[in-house]
Amino acid sequence: MKIPKKMLIVGPCAVESRDQVLETVKQAKKIGVEYVRLSLWKPRTKPGFEGIGEEGIKLLVEAAKMGVNPAVEPMIPEHAKLAMDAVMTATKNGKCMLWIGARNQNHYIQREVSRIAARNPRTVLMVKNQIWHNEKHWEGIVEHCLSGGIKKSHLILCHRGFAPIGDNPQGYRNVPDYNMAMRMKEKTGLAMIFDPSHTGGSIEKVIKITHEANEHEFDGFLVEVHPNPKKALSDAIQQLAWSQFRRLLKSLYKKRVKRAKLVHGFGGATMHLPFKT
Ligand code: PEP
Ligand code: MN
């Protein structure tokens, strides 16, 4: 038996410079992640660094030509079109991910970004849950995205927790509802990944919550990893260094192999780490 590998979307909170992108691509290739987070536009709680914007499209193209698949969050449909067209024309077989963030949701964005993503079969759309705790609203997000024409095979859901109200004993930045996420996965038949960075909110909690989420049937993880987290222009306190991320992956894989042996009662489970230990 082979333990299926989980999808990994990994990279900094935001693109900041060419050097940062090149280092990210180098590290991501070593691990063999499916998509590299390379966001150019950032939703911000308070005014601050909003991403380098359109100017960064050439860096997405450079990364794609180096053999990785960029993932980017557009603020408006026009951004989605710019990023997707540039990456798709730069490579023959490369893939690209557009994602809709929790703080930038409305039915117009959902439908129109879906319409754009649906134009190219090498593009997938990932959509996060909204910030408040409500299952009906989350269902609506999926319905609006599907109404834009994206195929179910090209739509991925991402749980990033809900803004805390009331009890939050673990002090997470956003509180996960694993049961709701698993119900949404079941009801929609869509892949469901987990974002430990925007749920955890600090390095220590990101590591802890990844292990917690790994006990559920998530299909992958979206993780913020920065070449020099302390210098990051956004979300500096929650971004992992690459060495921390590799250690986290190793411990997850070890746990999964152990669990497979226990559950299936055999000693032959194989799980290859995508990088040398
Ligand atoms: C992000 O992933 O960059 C982000 C802004 O997160 P969220 O939309 O979940 O707040
Ligand atoms: Mn972030």
Side-chain angles (χ1 to χ4, degrees), residues 9-25 27-28 35-60 62-63 70-83 86 97-106 108-110 113 126-133 141 158-165 168 171-176 194-207 209-210 221-242 244-245:
I9 306 152
V10 186
C13 177
V15 167
E16 296 163 3
S17 68
R18 179 165 183 264
D19 283 352
Q20 178 222 30
V21 170
L22 296 184
E23 182 58 19
T24 299
V25 169
Q27 297 292 342
Y35 294 93
V36 182
R37 257 190 83 104
L38 290 174
S39 233
L40 305 178
W41 298 277
K42 294 301 305 164
R44 299 308 307 257
T45 310
K46 296 250 183 165
F49 174 64
E50 292 179 15
I52 64 171
E54 230 177 278
E55 193 189 309
I57 298 241
K58 57 179 184 293
L59 298 175
L60 299 190
E62 194 170 354
V72 66
E73 176 183 358
M75 286 295 104
I76 52 171
E78 180 62 15
H79 295 160
K81 191 178 170 331
L82 282 173
M97 173 183 278
L98 300 173
W99 93 78
I100 303 175
R103 287 175 273 170
N104 188 35
Q105 301 252 3
N106 63 55
Y108 174 80
I109 301 272
Q110 288 147 359
V113 173
M126 179 178 84
V127 62
K128 290 186 166 194
N129 60 268
Q130 76 286 352
I131 52 176
W132 59 94
H133 188 254
I141 290 175
C158 176
H159 187 36
R160 51 77 81 198
F162 298 106
I165 36 166
N168 180 15
Y172 290 144
R173 178 175 174 184
N174 289 290
V175 182
F194 186 75
D195 175 346
S197 302
H198 296 87
T199 45
S202 70
I203 291 174
E204 189 197 338
K205 288 184 188 130
V206 169
I207 293 169
I209 208 168
T210 307
F221 294 103
L222 167 73
V223 192
E224 287 187 342
V225 181
H226 192 285
N228 190 352
K230 286 199 179 98
K231 292 263 167 77
L233 299 180
S234 55
D235 281 346
I237 60 162
Q238 73 188 28
Q239 302 203 54
L240 305 185
W242 281 96
Q244 287 171 320
F245 179 64

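If you're wondering where the values come from, they're calculated on a predicted model, not measured in any experiment.
With rounding to the nearest 0.5 Å, the separation of CG in D195 from CG in L222 is 4.5 Å.
For residues 42-58, the pairs satisfying side chain to side chain donor-acceptor pair (under 3.5 Å) are T45-R103, with sequence neighbours left out. Evaluation of the salt bridge (charged side-chain N to carboxylate O under 4.0 Å, His left out) test over residues 222-236, restricted to residues two or more places apart or in two chains, returns R37-E224, R173-D235.
Ring geometry for H133 against F162 counts as perpendicular: the plane angle is over 60°, on a 0 to 90° scale with 30° as the lower cut.
Checking side-chain atoms of N174 against main-chain N and O of I131 turns up no donor-acceptor pair under 3.5 Å. At distances below 3.5 Å, at least one donor-acceptor pair connects side-chain atoms of Q239 with backbone N or O atoms of S234. Looking only at distances, a side-chain donor or acceptor of N129 sits under 3.5 Å from a matching main-chain atom of G161. Within the 3.5 Å criterion, the main-chain N or O of P196 finds no donor-acceptor partner in the side chain of T210.
For R18, the side chain to side chain contact (heavy atoms under 4.5 Å, CB included) partners two or more places apart in sequence, or in a different chain, are L22, L59, E62. Listed by chain and number, the residues in a side chain to side chain contact (heavy atoms under 4.5 Å, CB included) with P176 are H159, Y172, Y178, F194, I209, E212 (sequence neighbours excluded). Remark: A28 pairs with V33, V36, W242 by the side chain to side chain contact (heavy atoms under 4.5 Å, CB included) rule, at least two apart or across chains. Annotation: salt bridge (charged side-chain N to carboxylate O under 4.0 Å, His left out) contacts of K81 (sequence neighbours excluded): D85. Shown here are the side chain to side chain contact (heavy atoms under 4.5 Å, CB included) partners of E23, two or more places apart in sequence or in another chain: K26, Q27, P227.
Heavy-atom neighbours of Y108 OH from other residues, nucleotides or ligands within 6.0 Å: at or below the threshold of 12.
Closest of all the heavy-atom pairs between A14 and Q20 is O-NE2, 3.0 Å.
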- [ ] Go through the steps for L40 and I52 under the test side-chain contact (heavy atoms from CB on, under 4.5 Å), then give the verdict.
- [x] CA-CA 5 Å; L40 305 178; I52 64 171; 4.2 Å; yes
